[in-house]
Amino acid sequence: MAFTKSPEYNTHQLTRVPVTPVNRFDPTRSQAYMAFENCFPVLQGKEAILTKRAPINSIATITGTTPRGLFIDPQSNYIYIAYDDDMTSINDVSPLLSSTTPGTFSNTSGPVAFASYKVGSTSYTVSHEPTAASGSYLRYWVSGNGGIPDTVTNVAVNNMRGSLVFLDGYLFIAGDSQRIYNSTLGSPTTWNTSTDFIDAEMFSDNIVALAKHHNHLVVLGKESVEFFYNSSNEIGSPLSRQANYSQKIGMVDIAGVRPMLAEVGDVIYFLGGEGGAYNGVYKIENFKVSKISDLWMDDWLTTASANTPILSVYEHYGIGCLALSSGLFTFVYKPDTNTWSSVLFGGRSLYDSVFGNYFGEGGTYLLTYDSNTSNIRLMKSGYREPQSQLEADPEDFDAVYITDLLDFSSNNQKHIKWVDVVGWFGDNTVNLQYTRNYSNSPTWTNCGTKDQDTNGTDKPLRYHNLGRTRGHRFKVTFSGESDIKFDGFEISYNLGTH
């Protein structure tokens, strides 16, 4: 017999199953593999616990059609928002005070890049708007000023790329070929394009974007990544190539559509690949280019449903993460655990479109377009003091964790006597379900819903008699406003002989 009330040896087992921070979620197959939805693993020593995602809130709504760029001035904490041909500036204090200047920009669409310039007592917020036939326009606001730009400079080079980088007292912009232009040292409004440039010519591809990495300028081309440093050349460009760091991996070229690049501190994320076509998500960290997307994510990126993915920034309690959005899906990459989570806000993908993002001292901001209301929204995600902020501005949502198939290293039949859901769950109700197989549409058996208000915060939530099987997968759903600290499962089972 497989089971007996008086076995010849002890077949009763008690096993702890911690949260496993590995990527097994396949977005093309509904919950067919392990999944984190609206939750993230957080390392605690050698093991991980599970916490819910931080809330995200709309802090300003703007009547407009096309969001184009976003920047927070680190000197004044003013928020600059480019949309249509207008500019809105907002002070990031309570109450929010905003000022809109219509007709600031030359065009009504296309990306607008921003940078902060500060040398000595000179401090500007600078925007860069490239045009196809009338050169690039750089507009300068003295830090803390909104409204009409204090200075406007036209750089007479057409078809520039929509990037702007400040490094060592210079501003840098790039053409759509291989040329990188720089402003005059100490005079950010002065550009001599006939002499002050350098070409990124190690590889025979064109520039897609510029970014800053530590004390280097990164040039992302269609098929390569090159690094330049300030060598203080007296004539022409101050830059020299750092040839040892160059790599033969390119960036997706979808100029003027959506951000294909996101910067979190000194880490740069981009969609890229080899041979001019993208096959995954990459990051530049400590001058090394590495791939962070796995097989499942790569497969999703190649499907028609992925459309044109949007790269933006999401913050989980002070940790800067990458958000990858398209259609109905948003996936957030958490770098400290090297995991992807599925994230939904109000049952929808993160945003219809993200046209600007900023991660810095004051938090994470995103400029989005909401097709439900036909409005532009300024969103803020993440909090430095999670619990107090959650209580002050709660968001009620579900977080879901799905395990891998658990067979406890044996293919024998097991009878699951009980399962404890261990942790602190605040005001959340906890629902446990299980299935016995992998499938595209698994059938879940509901074990019921419990909460710690009834059960007590000092006790786990226990579910009895989950049946007989060779292996179980578990799905646990946390529904409520507060955060959670889910430590894992404790499972008691009786091991059969076959």
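Both backbone and side-chain heavy atoms feed into the values below; hydrogens, waters and symmetry mates do not.
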query: So does Lys334 pair up with Asp336, basic N to acidic O under 4.0 Å?
result: yes

Requested in this report: Please state whether the rings of Tyr80 and Tyr78 are parallel, tilted or perpendicular, taking 30° and 60° as the class boundaries.
Outcome: tilted

- Once the angle between the rings of His213 and Phe287 is folded into 0 to 90°, is it parallel (under 30°), tilted (30 to 60°) or perpendicular (over 60°)? perpendicular

d(Tyr181 OH, Thr195 OG1) to nearest 0.5 Å is 11.0 Å

Can a donor-acceptor pair be found between the side chains of Asn375 and Thr61 at a distance below 3.5 Å? no

So, Ser479 versus Asp398: side-chain donor-acceptor pair below 3.5 Å or not?
-> yes

Any cation-pi pair here, Arg53 with Phe397, using under 6.0 Å and within 45°? yes

dist Asp196:CG -> Ile180:CD1 (nearest 0.5 Å) comes out at 13.0 Å

Query - Donor-acceptor side-chain pairing of Tyr83 and Thr88 below 3.5 angstrom - result: yes

Tightest non-hydrogen contact, residues Met160 and Ser136, listed as CG-OG, 2.9 Å

**Item:** Pi-cation contact, Phe197 with Arg179 (under 6.0 Å, within 45°)
**Value:** yes

Query raised in the report: Is the closest basic N to carboxylate O distance between Asp266 and Lys212 below 4.0 Å?
Result: no

When rounded to the nearest 0.5 Å, the distance separating NE2 of His128 from CZ of Phe172 is 14.0 Å

Check whether Ser231 reaches the backbone of Pro238 with its side chain - one donor and one acceptor, N or O, closer than 3.5 Å. yes

Q.
Tell me whether the rings of Tyr401 and Phe36 are parallel (<30°), tilted (30 to 60°) or perpendicular (>60°).
A. parallel

>> Are Tyr333 and Trp340, when compared by the centres of their aromatic rings, separated by less than 6.0 Å?
In response: yes

Ignoring hydrogens and angles, state whether a donor on the side chain of Asp73 or Ser76 is under 3.5 Å from an acceptor on the partner side chain.
yes

query: Taking the six-membered ring for Trp, are Tyr245 and His216 parallel (under 30°), tilted (30 to 60°) or perpendicular (over 60°)?
result: tilted

Electrostatic pair Glu223-Lys248, nearest N-O below 4.0 angstrom: yes

The complete set of salt bridge (charged side-chain N to carboxylate O under 4.0 Å, His left out) pairs with one or both residues in residues 110-130, sequence neighbours excluded, reads Arg68-Glu129, Glu129-Arg139

**Report entry** Aromatic ring pairing Phe478/Phe486, orientation class (parallel under 30°, perpendicular over 60°, tilted between)
**Finding:** tilted

